[in-house]
Amino acid sequence: MKIQLTPERIATLPVHDADLLLVQIETSPGGEITVEMTIEIDPEETTQPFRDLGIITQIVVLRFEKCHNVISNLLSYQARRETIHNWQVVLNSQKIDRLVKSAVFPDGKFVHNIFELSGGSTIEIIADRIFIEDAD
């Protein structure tokens with residue numbers, strides 16, 4: 001089941017210390033970019049916000065559709081898998097302003113997602129739509 005997320009709903013999700021299992025970037029023949037991040041929720045976190053969405057597994061897929069900008073700074077020197085330290089959602093950022101002013105995406109519904117990871121890595125995704133679903 002695929003559920004669309006709003007910035008307000010994202011703020012309620014307990015993804016702190018979730019293991020980052022997979023990051024996958026896909027491009028369509030028309031050039032549209034989709035990013036999928038598979039994460040495993042920390043067992044010490046409450047799963048109730050996920051259950052409220054109908055998600056009952058610890059492993060979930062975050063799907064970012066119609067991505068306009070994807071920036072990653074993944075460091076590979078960690079002794080263990082990266083975990084999510086913070087997922088920040090920015091509705092009005094300088095990067096969004098630049099996209100709007102470019103006139104290429106004047107009507108975009110941009111959400112700037114910034115993931116800060118435990119080892120100092122970062123992933124930034126500016127997308128129109130964000131979904132979550134069970135990995136099973």
Side-chain angles (χ1 to χ4, degrees):
M1 176 169 52
K2 189 165 118 174
I3 301 129
Q4 188 162 4
L5 295 176
T6 63
E8 297 78 23
R9 177 67 80 167
I10 290 168
T12 68
L13 296 177
V15 296
H16 181 75
D17 288 339
D19 282 341
L20 180 62
L21 304 177
L22 176 69
V23 177
Q24 184 173 345
I25 300 173
E26 300 172 358
T27 58
S28 73
E32 190 170 294
I33 296 172
T34 300
V35 176
E36 284 189 357
M37 292 175 59
T38 303
I39 63 173
E40 184 172 7
I41 306 307
D42 182 355
E44 293 181 12
E45 294 286 343
T46 178
T47 58
Q48 192 57 49
F50 294 101
R51 292 186 183 283
D52 292 345
L53 293 171
I55 294 173
I56 57 173
T57 63
Q58 292 290 113
I59 298 177
V60 296
V61 175
L62 303 174
R63 183 174 174 87
F64 302 84
E65 295 182 352
K66 290 196 75 169
C67 297
H68 302 285
N69 198 231
V70 179
I71 303 165
S72 66
N73 175 21
L74 297 174
L75 306 172
S76 63
Y77 60 82
Q78 281 79 8
R80 62 179 226 103
R81 179 180 287 142
E82 286 273 24
T83 61
I84 296 173
H85 178 69
N86 187 33
W87 179 2
Q88 180 183 4
V89 176
V90 182
L91 298 177
N92 296 306
S93 69
Q94 290 180 350
K95 291 177 182 173
I96 289 175
D97 289 344
R98 274 185 261 153
L99 288 170
V100 171
K101 289 178 184 173
S102 73
V104 176
F105 309 107
D107 299 322
K109 300 172 184 146
F110 305 113
V111 178
H112 187 172
N113 299 271
I114 303 170
F115 290 88
E116 297 169 355
L117 306 178
S118 58
S121 298
T122 57
I123 301 173
E124 293 186 49
I125 304 168
I126 298 177
D128 282 2
R129 296 183 304 267
I130 306 158
F131 296 92
I132 190 170
E133 57 190 323
D134 292 272
D136 294 336

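Hydrophobic clustering, with ILVMFWY side chains joined whenever heavy atoms are under 4.5 angstrom apart, keeps Val15 apart from Val90. Side-chain heavy atoms closer than 4.5 Å link hydrophobic residues (I, L, V, M, F, W, Y) into clusters, and following such links, possibly through other members, connects Ile39 to Val89. In the hydrophobic clustering of this structure, Phe131 does not group with Ile59; members are Ile, Leu, Val, Met, Phe, Trp, Tyr whose side-chain heavy atoms approach within less than 4.5 Å, directly or through other members. Neither Ile114 nor Ile126 shares a network with the other; the hydrophobic side chains, linked directly or stepwise wherever heavy atoms of I, L, V, M, F, W or Y lie under 4.5 Å apart, form separate groups for each. Val61 and Val35 fall into different hydrophobic clusters, defined by Ile, Leu, Val, Met, Phe, Trp and Tyr side-chain heavy atoms under 4.5 Å apart, directly or through other members.
Taking CG from Asp42 and CD from Gln58, the interatomic distance works out to 8.5 Å, rounded to the nearest 0.5 Å. Interatomic distance, Thr57 OG1 to Arg51 CZ, rounded to the nearest 0.5 Å: 9.0 Å. In this structure, CD1 in Ile3 is found 14.0 Å from CD1 in Ile130, a value given to the nearest 0.5 Å. In this structure, Ile25 CD1 and Ile123 CD1 are separated by 8.5 Å, a value rounded to the nearest 0.5 Å. Separating the CD atom in Glu8 from the OG1 atom in Thr6 is a distance of 4.5 Å, to the nearest 0.5 Å. Distance check: Thr38 OG1 to Leu22 CG gives 4.5 Å after rounding to the nearest 0.5 Å.
Side-chain atoms of Trp87 and Leu62, non-hydrogen and from C-beta on, do get closer than 4.5 Å to each other. Using a 4.5 Å heavy-atom threshold, the side chains of Leu53 and Leu5 count as touching. Put simply, the side chain of Leu13 reaches to within 4.5 Å of the side chain of Ile132, judged on heavy atoms.
Taking a cutoff of 4.0 Å between a charged side-chain nitrogen and a carboxylate oxygen, Glu40 and Arg81 do not qualify as a salt bridge.
Although no hydrogens or angles enter the test, the distance criterion places a donor-acceptor pair under 3.5 Å between the side chain of Asp134 and the main chain of Ile56. Looking only at distances, a side-chain donor or acceptor of Asn113 sits under 3.5 Å from a matching main-chain atom of Ile125. Put simply, the side chain of His112 never gets that close to the backbone of Leu91: no donor and acceptor are under 3.5 Å apart. Judged by distance alone, with hydrogens and angles left aside, the side-chain atoms of Glu36 form no donor-acceptor pair with the main-chain N or O of Arg63 at under 3.5 Å. No donor-acceptor distance shorter than 3.5 angstrom exists from the side chain of Thr47 to the backbone of Phe50, with no hydrogens or angles considered.
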- Step by step, work out the side chain to side chain contact (heavy atoms under 4.5 Å, CB included) result for Phe64 and Thr34. CA-CA 6 Å; Phe64 302 84; Thr34 300; over 6 Å; no
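For Glu124, the salt bridge (Lys or Arg N to Asp or Glu O under 4.0 Å) partners two or more places apart in sequence, or in a different chain, are Lys95. Among residues two or more places apart in sequence or in another chain, the side chain to side chain contact (heavy atoms under 4.5 Å, CB included) test is passed with Ser121 by Leu74, Leu75, Gln78, Glu82, Leu117.
Contact between His16 and Glu45 at its shortest, heavy atoms only, is O-OE2, 3.5 Å.
Sparse packing is recorded around CD of Glu44, with 12 or fewer heavy atoms of other residues, nucleotides or ligands lying under 6.0 Å away.
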